[in-house]
Amino acid sequence: MSEKDPPAYNPYSTSDPSMNVPVTTGAAGALMSPYLNFNPAYIGPNDADSQFIFPEGAARTRGRLELSFSQIGGSVFVGAAVGGLNGFYSGIKDVQARQLTGANRRTQLLNFITKGGASTAQTLGVVALMYSVFGVFLSLGRGVDDELNTVTAATATGMLYKSSAGWRRCLRGGGIGFGLSAIYVLITSKDRIKGMMGR
């Protein structure tokens, strides 16, 4: 190319007027969309709830029924993990006491891990299922999902789970459910409880 030849045309050069899109400021210095050329603040308040579109009349949070699926599944997984670790610990003690080696040692360890994991997962899954059923029925019956439902559902779950072992253990199970749920409510709803006590 000689010095007399004109420069090659660059479609993305800075001299192209169509590339001059305002990116940062609008008429009043507000942030504007570079493509739609509007101020997002006009859509609504800039909070987390404005990021989602809900059907008309629908609740803005998940209800007790929707949460029950994740609670039951999470309880089963936690139970499997805790039971598997407990089974591994028991299996190590067993194979050392019996002085097993090789394939027999591995098989015995796997038996302890799977049996322990399945047993604890089943127990926690059943407890979570009972708690969820009580919680859903209390929510539907009272028309509100609050801390009272949580404590009542946990207490009833403990009593029902131990109901076949006599009334003393039934009351003890209810007391454990009440205590655990009361601690959970105190941790998660501290500000709301303070407001209720202040009234």
Side-chain angles (χ1 to χ4, degrees), residues 45 47-94 109-199:
D47 57 5
D49 290 339
S50 66
Q51 303 295 320
F52 303 98
I53 299 173
F54 294 92
E56 183 135 356
R60 299 183 76 83
T61 59
R62 293 193 298 170
R64 184 73 77 146
L65 180 63
E66 289 86 1
L67 289 173
S68 66
F69 295 104
S70 59
Q71 288 173 348
I72 295 168
S75 298
V76 170
F77 279 112
V78 169
V82 172
L85 287 174
N86 189 29
F88 178 74
Y89 177 71
S90 301
I92 289 289
K93 290 198 304 186
D94 183 73
L109 274 175
L110 286 174
N111 286 339
F112 270 91
I113 291 170
T114 53
K115 286 180 182 177
S119 175
T120 311
Q122 181 181 8
T123 301
L124 285 184
V126 167
V127 169
L129 176 64
M130 288 191 292
Y131 169 76
S132 298
V133 168
F134 279 123
V136 167
F137 279 115
L138 284 168
S139 274
L140 293 175
R142 295 182 65 228
V144 65
D145 187 17
D146 58 1
E147 290 79 11
L148 181 62
N149 287 357
T150 301
V151 174
T152 306
T155 305
T157 299
M159 293 179 72
L160 179 63
Y161 185 73
K162 287 294 184 181
S163 61
S164 61
W167 66 272
R168 288 186 180 177
R169 290 193 177 180
C170 177
L171 291 177
R172 188 181 304 165
I176 291 172
F178 176 80
L180 291 175
S181 62
I183 292 171
Y184 172 78
V185 165
L186 287 174
I187 291 172
T188 58
S189 304
K190 191 187 315 180
D191 296 334
R192 184 170 173 179
I193 292 173
K194 283 181 182 177
M196 291 167 61
M197 299 294 281
R199 291 178 189 172

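In what follows, every heavy atom counts, from backbone to side chain, and hydrogens, waters and symmetry copies are set aside.
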Closest approach of Phe88 to Leu109 (non-hydrogen atoms, all atoms of both residues): O-CD2, 4.0 Å

At their closest point, which heavy atom of Ala121 faces which heavy atom of Val76, and how far apart are they? CB-O, 3.4 Å

Which heavy-atom pair separates Ile72 from Ser132 by the least distance, and what is that distance? CG1-OG, 3.8 Å

Hey, could you give me the CZ/CD1 distance between Phe178 and Ile183, rounded to the nearest 0.5 Å? 10.0 Å

Taken to the nearest 0.5 Å, the spacing of Ser90 OG from Leu85 CG works out to 11.0 Å

Using modelled atom types only, decide if a donor and an acceptor are shared between the side chain of Thr120 and the backbone of Gly117 within a distance under 3.5 Å. no

Output all residues satisfying salt bridge (Lys or Arg N to Asp or Glu O under 4.0 Å) with Arg142, sequence neighbours left out; order by chain, then residue number. Asp146

Listed by chain and number, what are the side-chain contact (heavy atoms from CB on, under 4.5 Å) partners of Leu160, not counting sequence neighbours? Met130, Phe134, Ser163

Atom of Asp145, atom of Asn149 and distance for their closest heavy-atom approach: CA-ND2, 3.6 Å

By side-chain contact (heavy atoms from CB on, under 4.5 Å), Leu186 pairs with (sequence neighbours left out) Ile193

Taking all non-hydrogen atoms of both residues, which atom of Lys162 and which atom of Arg169 are closest, and how far apart? CB-O, 3.3 Å

Residue pair Gln71 / Ala128: nearest heavy atoms and the distance that separates them: O-CB, 4.1 Å

